[in-house]
2 protein chains.
Amino acid sequence: MSIYREKNRKTKDLIQGSFIKILEKKTFESITVGDIAKQAQINRGTFYLHFIDKFDLLDQIEQRLFGDLGNHIDELQSNYSSTHTFEKEQEQLAATLFSAIKMQSPLLKIFLSDHGRAGFHLRFREAFSEKVRVNLEKNESFKATLKVPMEYFLSFITSAFLGLIEQWVQNDLDKTPQEMTILYIDIISFIQKKNTKKV
Amino acid sequence: MSIYREKNRKTKDLIQGSFIKILEKKTFESITVGDIAKQAQINRGTFYLHFIDKFDLLDQIEQRLFGDLGNHIDELQSNYSSTHTFEKEQEQLAATLFSAIKMQSPLLKIFLSDHGRAGFHLRFREAFSEKVRVNLEKNESFKATLKVPMEYFLSFITSAFLGLIEQWVQNDLDKTPQEMTILYIDIISFIQKKNTKKV
DNA sequence: CACAAAATTGAACAATCTGTTCATTTTGTT
DNA sequence: AACAAAATGAACAGATTGTTCAATTTTGTG
């Protein structure tokens with residue numbers, strides 16, 4: 001009797017699952033409602049009892065994805081001990097993000113590919129840009145030292161991070177979240193050392 | 001009498017221009033061939049004399065965009081003097097890229113937005129990832145020092161760079177290419193200094 | 001189980017868009 | 001002017017969309 005009880009999740013889940021299955025093979029724009037109904041073995045009309053159109057279907061999947069990701073990140077973050085250095089905290093955040101991504105990698109792989117919907121990478125970046133911003137702005141020394149506009153710094157660092165994630169999911173998770181965290185740190189260290197050397 | 005002479009570029013250009021104009025207001029998936037013909041004030045059948053379908057139209061615009069970008073970059077790079085340090089060369093490359101982007105910013109703004117086509121940011125990143133790779137691999141010390149897989153490093157650094165570009169074009173070029181180059185260097189410097197400080 | 005509510009079905013529908021065809025007209029070049 | 005290339009208008013079948021509605025099936029609850 002929960003307030004959040006949803007009637008009829010079963011068919012809705014069936015439709016969403018079938019849709020994702022087709023999305024692995026065809027682009028979003030080429031998929032018809034008929035395709036989805038056929039895959040789910042339901043009447044085409046039934047689709048419209050649950051979703052306005054295929055865009056609504058994708059929106060709802062995307063919303064749930066972001067929600068699940070956020071919840072998982074918050075959950076992991078609640079276990080943080082905040083006695084570390086700034087760098088250690090950044091490392092902890094990175095590990096958290098990689099871990100959360102891993103759970104959603106099949107969906108992310110599709111949504112980030114050309115089978116997905118235009119602009120997804122922007123919405124994805126925006127969604128987790130907030131997580132990073134909150135984390136960074138806790139640090140007074142950071143805010144004081146940063147000379148460039150925050151929006152540009154955030155675009156830079158979150159895009160870089162997403163670049164790693166995209167490569168990772170495209171490689172079908174060829175590394176563990178822990179290995180990815182180390183890889184991330186190694187790259188940062190590499191950049192830090194690089195400017196002391198000459199050609 | 002050039003080999004590359006194209007018959008009938010006028011109508012083709014008209015169609016492409018009209019299409020881009022509509023793309024500023026509507027998403028690619030919602031635009032019909034009828035919309036394009038109406039905007040260009042041509043017969044719908046004429047569209048099919050020049051393009052297979054609207055996907056072909058977008059493909060051709062995208063190809064030309066990448067071609068133009070590449071040519072412009074190569075042109076600017078041919079003026080390099082290679083007597084600089086590795087860092088100076090990286091700075092020069094960054095300046096070149098920002099300058100090339102500026103010329104194509106109206107189109108890039110649309111193609112990177114949710115009005116464009118899924119996966120554009122991947123193709124875009126891939127296209128200029130090559131430019132960066134070639135530049136990096138010239139440097140022996142770089143190759144020797146890099147511990148992480150090249151593909152991951154490239155994803156990281158090119159995504160970061162594209163993040164800046166996306167923010168820049170979304171801001172309607174609120175800075176000059178020179179300012180963007182400085183901003184880029186500032187961010188790298190910031191990251192380099194950051195790990196020496198505590199919370 | 002029985003029964004009512006909820007969900008699904010099948011079929012039909014007008015509307016829109018697609019891609020193609022073809023006869024005709026316009027345009028550009030020699 | 002004459003010829004070829006390009007564009008037009010109209011028509012066409014085929015797909016897909018989103019909606020409706022009566023009939024049927026499934027589900028949940030007493």
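Reminder, nothing fancy here: chain letters follow the sequence lines and each chain counts from 1.
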Problem - Heavy-atom pair of closest approach, residues B:Lys54 and B:Ile31 - result: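 Here B:Lys54 and B:Ile31 meet closest at NZ-O, 2.9 Å.
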Please enumerate all protein N or O atoms sitting under 3.5 Å from an N or O of nucleotides 21-30 of chain C, with distances to 0.1 Å.
none

Exercise for the section: Evaluate whether atom CD1 of B:Ile52 has more than 12 neighbouring non-hydrogen atoms of other residues, nucleotides or ligands under 6.0 angstrom away. Expected result: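 Result for CD1/B:Ile52: open.
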Restricting to nitrogen or oxygen on both sides, can you table the protein-nucleotides 15-17 of chain D pairs closer than 3.5 Å?
| residue | atom | partner | partner atom | Å |
| --- | --- | --- | --- | --- |
| D:dT17 | OP1 | A:Val33 | N | 3.3 |
| D:dT17 | OP2 | A:Val33 | N | 3.3 |

Figure out the [atom1]/[atom2] separation between [X] and [N], and round it to whole Å.
X       : N      : atom1 : atom2 : answer
B:Lys12 : D:dA6  : NZ    : C1'   : 14 Å
A:Phe47 : C:dT9  : CZ    : P     : 14 Å
B:Gln41 : D:dA7  : CD    : P     : 15 Å
B:Lys38 : C:dC17 : NZ    : C1'   : 15 Å
B:Leu14 : D:dA6  : CG    : P     : 15 Å

Exercise for the section: May I have all residue pairs that pass side chain to side chain donor-acceptor pair (under 3.5 Å) and include part of residues 99-109 of chain A, sequence neighbours excluded? Expected result: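 Matches after skipping sequence neighbours: A:Lys109-A:Asp172.
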Practice task
Name the orientation class of the two ring planes belonging to A:Phe124 and A:Phe120 (parallel below 30°, tilted from 30 to 60°, perpendicular beyond 60°).
Solution key: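 A:Phe124 and A:Phe120: parallel rings.
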Exercise for the section: Look at the aromatic rings of B:Phe161 and B:Phe128 and report parallel, tilted or perpendicular, splitting at 30° and 60°. Expected result: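 Geometry flag for B:Phe128 against B:Phe161: tilted rings.
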Exercise for the section: Give a yes-or-no answer on whether the side chains of A:His72 and A:Gln77 include a donor-acceptor pair shorter than 3.5 Å. Expected result: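 Looking only at side-chain atoms, A:Gln77 and A:His72 do not form any donor-acceptor pair under 3.5 Å.
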Practice task
Report yes if a side-chain nitrogen or oxygen of A:Asn43 is closer than 4.0 Å to either non-bridging phosphate oxygen (OP1 or OP2) of C:dT8; otherwise report no.
Solution key: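 So the side chain of A:Asn43 is outside the cut-off, no N or O lying under 4.0 Å from OP1 or OP2 of C:dT8.
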Exercise for the section: Please state whether the phosphate of D:dA7, meaning OP1 or OP2, lies under 4.0 angstrom from any side-chain nitrogen or oxygen of B:His50. Expected result: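 Result: yes.
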Exercise for the section: Tell me what B:Ile42 touches on the nucleic acid: a base, only sugar-phosphate, or nothing, going by heavy atoms under 4.0 Å. Expected result: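 The answer is sugar-phosphate, as B:Ile42 gets under 4.0 Å only of primed atoms, P, OP1 or OP2.
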Applying side-chain hydrogen bond (donor to acceptor under 3.5 Å, both in side chains), can you list everything that pairs with [X], at least two apart in sequence or on another chain?
X        : answer
A:Asp53  : none
B:Lys175 : none
A:Asp35  : A:Lys26, A:Thr32

